[in-house]
Number of protein chains: 2
Amino acid sequence: MTESESVNVDLEIIVQGAQEGKKLELRLWLRMLSTTKLISQEIRRRLRNEFGATLPQFDLMAQLYRERDGLRLGELSKRTMVTNGNVTGLVERLETDGLVRRATPDGDRRVTVAKLTERGVELFGAMAAAHEGWLRDMMADVDPAIITELWQDIGEVKTSVSNHLSGNDFD
Amino acid sequence: MTESESVNVDLEIIVQGAQEGKKLELRLWLRMLSTTKLISQEIRRRLRNEFGATLPQFDLMAQLYRERDGLRLGELSKRTMVTNGNVTGLVERLETDGLVRRATPDGDRRVTVAKLTERGVELFGAMAAAHEGWLRDMMADVDPAIITELWQDIGEVKTSVSNHLSGNDFD
DNA sequence: GAGCAATATTTGAAACGTCAAAGGTTTGGG
DNA sequence: CCCAAACCTTTGACGTTTCAAATATTGCTC
């Protein structure tokens, strides 16, 4: 059936054309998402294999590493973009692993402050160094100028998105 | 050793000036990750509120929408970048919701093929249209030229990452 | 100073995510 | 044939994620 074949070809051309006509924003989003997933999975695998840690744990510890006096769980929640309930569980597991210690300040007994233990500081230091190296390796083929440019332009995207959220706004 | 100290100072100034103390790759990664999280959370919230669906379900249905004859679960797993075990559960839930149907072809009884039902096709069509609009809104303040440029440059990052994975390579 | 609103964390249910092990099915070499 | 290797999906253990409801504490108002 040469006719139906040629019809199919035409359809494919049309579809292709339409796909490239796929909205720019959607196309960018799909690529951002898949790239981020790819990198996350690689980092996750390596954190697991080399340090027995998870990515969320790493993120949380990174915040506590910066603020050596500790942070309230709510503050941790904001900085890691993770819900309150989730922070509870994360900190709980890190505490049983001896990497984090929880304490309630005398001033306000509603509050719980999480702080890295010595072991936590030590472990995170090692993980952070490795983590940075992994990223450098993964992006080794990308021109540094492009990396800087990407950083700036993604900043613009982030700003735009922040200004167009439906629910609660900024913070 | 004053000499080595001055060397250190010089190095730090250079490093600080060049990248504000953080390696380019790490800085880019942190920004990509937070931006992706921000957009994901917004899409998730809207999918939930307006359609009662989740983002992973949306992703999976998107693949089945393209391949109207259905896909094997393993193929779905690759395309959605989700593990096999996870696909099983996702498809199970979508099936109880009447959006997807599972079948085992006569030729090979190891295989399970998932396919959108009519309701699934209909619902996904509506979700996809809304989804595209949300993205356009969120990125409304970004110059289209920059969006296209980002798409290309992130493509370079993705390629580089793909070529520097530790475990299994390409696909 | 009693109660009510605001703040901060925890809990519980449901879904998503990984990995590794186990369960069927097919296929191919002897 | 047959049985061992390869293939595909499911299962189970554990961790992450969200949301909403529950709990606890503080602070403020009247």
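Below, read A as the first sequence line, B as the second, and so on, with proteins coming before strands; counting in each chain starts at 1. Every value quoted in this text rests on a predicted model; they were computed, and no experiment measured them.
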Holding to side-chain contact (heavy atoms from CB on, under 4.5 Å), I want the full list of residues that pass it with B:E122, two or more places apart in sequence or in another chain. none
Spacing between [X] atom [atom1] and [N] atom [atom2], to the nearest angstrom:
X: B:R109; N: D:dT10; atom1: CZ; atom2: P; answer: 15 Å
X: A:L71; N: C:dA8; atom1: CG; atom2: P; answer: 14 Å
X: A:K37; N: D:dT17; atom1: NZ; atom2: P; answer: 14 Å
X: B:D108; N: D:dT9; atom1: CG; atom2: P; answer: 9 Å
X: A:D97; N: D:dG15; atom1: CG; atom2: C1'; answer: 12 Å
X: A:R48; N: D:dA13; atom1: CZ; atom2: P; answer: 16 Å
X: B:L73; N: C:dG23; atom1: CG; atom2: P; answer: 20 Å
X: A:Q57; N: C:dT18; atom1: CD; atom2: P; answer: 16 Å

Taking the side chain of B:V111 as its heavy atoms from C-beta onward, which of C:dA8, D:dT9, C:dT10 lies nearest to it? D:dT9
Nucleotide of C:dT10, D:dT10, D:dG15 approaching B:R102 most closely (side-chain heavy atoms):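 So the side chain of B:R102 is nearest to D:dT10.
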Decide side chain to side chain donor-acceptor pair (under 3.5 Å) for A:Q63 and A:T80; before the verdict, give the C-alpha distance in whole Å, the side-chain angles of both, and the deciding distance to 0.1 Å. CA-CA 8 Å; A:Q63 298 305 326; A:T80 55; over 6 Å; no
Could you pick out which residue, B:E92 or A:P56, lies toward the 5' side of DNA chain D when each is mapped onto its nearest nucleotide? B:E92
In terms of the nearest nucleotide of DNA chain D, which residue is placed more toward the 5' end: A:L55 or A:G107? A:L55
Whether over 12 other heavy atoms sit under 6.0 Å from A:R101 CZ: no
Does a sphere of radius 6.0 Å around CZ in A:R66 hold more than 12 heavy atoms from other residues, nucleotides or ligands, not counting ones at 6.0 Å or beyond? no
Is it true that the NZ or CZ of B:R48 lies under 6.0 Å from the centre of B:F51's six-membered ring and within 45 degrees of the ring axis?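 No, B:R48 and B:F51 do not form such a contact.
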Pick the closest DNA chain C nucleotide for A:Q41 and for A:E75 by heavy atoms, then say which residue is nearer the 5' end. A:E75
Between B:T54 and B:R110, who's closer to the 5' end of DNA chain C by nearest nucleotide?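 Mapping each residue to its closest nucleotide by heavy atoms, the 5'-most match is B:T54.
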Between residues 79-90 of chain B and DNA chain C, which residues have a heavy-atom gap below 4.0 Å? B:M81, B:V82, B:T83, B:N86, B:L90
For the pair B:E75 and B:R72, find out whether any cationic side-chain nitrogen is under 4.0 Å from an anionic carboxylate oxygen.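 Salt bridge absent between B:E75 and B:R72.
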A:E132 bridged to B:R27 by N-O distance under 4.0 Å: no
Is there a side-chain contact between B:R72 and the phosphate of D:dC8, meaning an N or O under 4.0 Å from OP1 or OP2? yes
